[in-house]
Amino acid sequence: QVQLVESGGGLVQAGDSLRLSCAASGRSFSTYAMGWFRQAPGKERQFVAAISASGGSTYYANSVKGRFTISRDNAKNTVYLQMNSLKPEDTAVYYCAAGRSTKLPTRGAEYDYWGQGTQVTVSS
């Protein structure tokens, strides 16, 4: 069992930066691939970024590539999402997820555990 708690969301202006954190409790954090998803009001959940268990591989949605960076610190059981050059269309609830996968999963169904989400609002 893995419990995930996101933090770091908030209200920012377009062009600003935010860093989201996701702290994991439970055993074997370093064996899980981790991902970030987001869901805007009235829209489906959207894949944002994924990182392999070791942290050696990452993958991004085209909409955030070059602006967002996913990273992890397995010693601290934490995964991060650094978000730069934020746009109003990045406004959403952001969720982290953990999955037992040797790949970089991009579908929500490939993840086993989810956090409660943190709100990110970007004003124009």
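What you are looking at is a predicted structure, and each value in this text was computed from that prediction instead of being measured. One is the number of the first residue; the rest follow in order along the sequence.
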How close do [X] and [Y] get, heavy atom to heavy atom, and via which atoms?
X     : Y      : result
Ser30 : Asn74  : CB-ND2, 3.6 Å
Ala50 : Pro105 : CB-O, 3.6 Å
Val48 : Phe68  : CG1-CD2, 3.8 Å
Ala92 : Ala40  : CB-N, 3.8 Å

Donor-acceptor pair, distance only, cut-off 3.5 Å: does the side chain of [X] make one with the backbone of [Y]?
X     : Y      : answer
Arg72 : Ser52  : yes
Glu6  : Cys96  : yes
Thr91 : Val122 : yes
Thr78 : Lys76  : yes

So, taking the atom named [atom1] in [X] and the one named [atom2] in [Y], what distance separates them when rounded to the nearest 0.5 Å?
X     : Y     : atom1 : atom2 : value
Ser71 : Leu81 : OG    : CG    : 8.5 Å
Ser57 : Ile70 : OG    : CD1   : 11.5 Å
Gln39 : Glu44 : CD    : CD    : 8.5 Å

Would you say the side chain of [Y] lies within less than 4.5 Å of the side chain of [X], judging by non-hydrogen atoms?
X     : Y      : result
Val2  : Met34  : no
Met83 : Asp90  : no
Tyr32 : Tyr113 : yes
Tyr80 : Asp73  : yes

**Study point:** Within 6.0 angstrom of Lys65 NZ, more than 12 heavy atoms from elsewhere
**Key:**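 Yes, the 6.0 Å shell around NZ holds more than 12 heavy atoms from other groups.
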
Review point. Just wondering, more than 12 heavy atoms not from Gln3 lying within 6.0 Å of its CD?
Key: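 Atom CD in Gln3 is not crowded, with 12 or fewer foreign heavy atoms closer than 6.0 Å.
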
Review point. Cation over ring, Arg67 on Tyr60, under 6.0 Å and within 45°?
Key: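 Geometry flag: not set, cation outside 6.0 Å or 45°.
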
Counting only pairs under 3.5 Å, give me each side-chain donor-acceptor contact of residues 12-24, with atom names and distances, residues two or more places apart or in other chains.
unit_1, atom_1, unit_2, atom_2, d
Asp16, OD2, Gln13, N, 3.1
Ser17, OG, Asn84, OD1, 2.9

Check your understanding: Under the ring-ring contact (aromatic ring centres under 6.0 Å, His included) test, which residues partner Tyr94, sequence neighbours left out?
Key ->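 In terms of ring-ring contact (aromatic ring centres under 6.0 Å, His included), with neighbours along the sequence ignored, Tyr94 is linked to no residue.
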
Check your understanding: Val93: which other cluster members, linking ILVMFWY side chains closer than 4.5 Å, directly or transitively?
Key ->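 The other cluster members (ILVMFWY side chains, heavy atoms under 4.5 Å, direct or chained) are Phe37, Phe47, Tyr59, Tyr95, Leu104, Tyr111, Trp114.
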
Review point. Going through the checks in order, is the side chain to side chain contact (heavy atoms under 4.5 Å, CB included) test met by Ser63 and Glu89?
Key: CA-CA 10 Å; Ser63 58; Glu89 50 264 44; over 6 Å; no

